[in-house]
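Note that the coordinates shown come from a computational prediction; the quantities given were computed from them, not determined experimentally. Counting convention: from 1, in listed order, for ligands and their atoms alike.
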Amino acid sequence: MGKGFFHVPVAVNEPVKSYEPGSPEREEVLLTYKDLWNANTEVPLYIGSEEVKTGDTKTINPPHDHNHVVGTYHLAKKSHVEKAIAEALEARKKWSKLEWEQRAAIFLKAAELIAGPYRQKMNAATMIGQSKNIYQAEIDSACEICDFLRFNVEYMAQLYNEQPESSDGNWNRVEYRPLEGFVYAITPFNFTAIAGNLPSSAALMGNVAVWKPSDSQMLSAQVLMEVFKEAGVPDGVINMVNGDPEMVTDTVLASPDFAGIHFTGSTDVFKGIWAKIGKNIHKYKTYPRIVGETGGKDFILAHPTANPKQVATAISRGAFEYQGQKCSAASRVYLPKSLWPEIKDFVIEDVESFKMGSPEDMTNFINAVIHEGSFNKLASYIDKARKDKNTEIVVGGNYDKSKGYFIEPTVILTTDPHYTTMETELFGPVVTIYVYDDKNFNENKWAEICETVDNTSIYALTGAILSGDRYAAAQATDLLQNAAGNFYINDKPTGAVVGQQPFGGARSSGTNDKAGSKMNLMRWISVRLIKETFVPATDYRYPFMGE
Ligand code: NAD
């Protein structure tokens with residue numbers, strides 16, 4: 001038990017380093033990149049105290065140079081997943097009883113390790129394995145993961161401080177218990193920070209986790225495990241099992257001790273998992289918590305009073321940074337006819353100035369998309385847009401997978417607001433623009449275009465409106481109330497920062513439990529109320545019963 005009401009260090013966002021030519025951080029990350037490029041890293045499974053090498057392996061290939069091998073990772077069999085669950089439950093016996101400040105210290109240490117000695121290894125692994133330029137790697141695998149770890153500690157302390165009132169002669173207390181069982185974390189390829197946060201946020205709250213990383217994030221997943229180990233996460237508290245996603249998931253969901261899922265990835269996968277949980281519901285000892293942040297079809301909507309250069313910049317950054325592979329990336333844009341010629345010129349100028357290639361060459365703004373499946377999908381949508389009658393390619397449209405999976409940033413113009421690329425999540429550097437008529441424009445016409453935005457897709461993750469007219473901004477804020485969980489006014493729809501813009505969407509974009517907030521942590525606890533009465537009653541009769 002604690003012997004003091006401890007204050008945790010005040011969380012601050014990790015400063016983003018510049019990596020400008022000549023800076024020490026640039027030199028260090030490039031040297032680390034070279035080392036990792038040639039290291040042939042071997043990624044085991046982490047089960048309890050063991051690093052398991054099953055011998056059944058797959059190679060890790062950088063998306064921007066797919067013939068090069070930077071390592072291998074071992075694949076789990078069903079028995080390994082079952083062992084991971086057993087080890088997690090064994091570890092739970094001590095971990096769930098450990099004082100909160102000890103757990104906090106471990107994850108604060110992990111943040112310091114990432115901010116300091118591991119920073120460039122995290123960044124280089126993310127640059128190589130997920131094809132991110134140094135800035136995109138830095139804001140993800142250095143800064144955002146530190147922010148998650150530090151802010152979650154602060155939020156945990158705030159939660160624990162929330163206590164009920166007590167009346168005369170009683171003391172009411174609430175205890176924030178971890179879930180009874182284990183938490184299953186499934187993570188996507190696109191953010192190293194999310195991969196680190198999904199198992200660690202649950203573990204911070206006293207839970208044990210079985211973590212299945214994405215096949216396309218194995219290099220940085222390995223570095224995360226190294227950090228967790230060095231920070232002092234005890235054996236069995238976070239177990240990493242790589243392997244066939246369906247087999248791993250089916251094995252986990254068959255366990256009566258499955259207590260919750262912390263998922264980030266695509267919508268159909270999450271819906272499939274939810275259905276399986278429903279089917280298994282009678283097996284479980286407790287109702288599992290189901291938390292999933294999923295797909296998006298994020299919009300930019302400009303009012304005729306918007307500033308054309310600002311709109312163009314929101315498109316260039318919002319749609320194309322990290323090759324459009326952010327769940328928040330703008331992929332459908334609605335522009336007024338009166339501004340379109342000017343915005344078009346600015347966007348074309350921007351896109352034509354982008355350099356594309358390996359992240360090792362830091363002059364490249366654009367790198368490769370994650371894998372061949374993604375490349376082929378994007379190429380087929382571009383080909384279709386080139387042929388379809390109601391679409392034209394404004395800029396970009398070329399692709400080449402001879403060395404790496406390179407898709408040129410592409411702008412499609414459509415006359416159909418329901419064209420397939422206005423509705424389907426492509427998850428790549430392709431944005432579609434619909435130009436609306438703003439002749440004799442008024443608030444009814446603005447309401448109509450807002451309604452089109454609202455009704456166009458099944459998703460509701462992020463969205464941005466740009467407007468110089470406050471009434472129009474207010475009207476859109478109201479009309480688009482359910483169209484985005486993260487709604488931006490005069491900004492791009494990407495770039496949420498932990499502690500500042502809690503992130504998540506509704507409709508088919510997820511359960512909106514807002515990663516990097518107290519709301520998320522609440523999903524990993526089960527409150528116990530303890531009422532203590534100091535002098536208990538000795539007579540059942542109440543005064544009203546008197547003659
Ligand atoms: P994905 O759905 O392909 O994979 C996510 C995870 O699920 C991976 O670990 C994968 O191995 C696993 N998986 C795949 N098929 C599975 C199955 N049948 N059963 C169980 N697990 C399975 O997603 P991705 O390509 O890694 O990531 C991109 C997707 O993630 C996009 O849809 C994007 O919008 C979404 N995303 C959302 C957020 C958010 O906060 N809303 C954040 C990041 C990414």
Proximity of [X] to ligand 1 by residue part, where a heavy atom lies under 4.0 Å:
X: I273; value: side chain
X: F427; value: side chain
X: Q325; value: neither
X: P213; value: backbone
X: D215; value: neither
X: N190; value: side chain
X: T294; value: backbone
X: F263; value: side chain

| Nearest non-hydrogen partners of N190 and Q325, listed with the distance | ND2-O, 3.0 Å
| Do Y399 and F375 have ring centres separated by under 6.0 Å? | yes
| request: Determine, stepwise, if the pair T391 / K384 fulfils side chain to side chain donor-acceptor pair (under 3.5 Å). | output: CA-CA 9 Å; T391 50; K384 186 167 163 27; over 6 Å; no
Taking the minimum heavy-atom distance to [atom], which of [options] ranks first?
atom: atom 15 (N) of ligand 1; options: V269, N242, V248, L198; value: V269
atom: atom 35 (C) of ligand 1; options: G243, P188, A221, G265; value: G265
atom: atom 38 (C) of ligand 1; options: A496, A185, C327; value: C327

| message | Does the plane of the ring in F189 sit parallel, tilted or perpendicular to the ring in F427? Use 30° and 60° as the thresholds. | response | perpendicular
| Is a side-chain donor-acceptor pair under 3.5 Å present for D388 with Y419? | yes
| said: Does this structure show an ion pair linking E180 with R92, if we count only N-O contacts that are shorter than 4.0 Å? | reply: no
| query | So does E154 pair up with R150, basic N to acidic O under 4.0 Å? | reply | no
| said: Show, in sequence, the C-alpha distance, side-chain angles and deciding distance for N376 and K401, and conclude whether the side chain to side chain donor-acceptor pair (under 3.5 Å) test is met. | reply: CA-CA 9 Å; N376 291 343; K401 64 175 174 182; 3.0 Å; yes
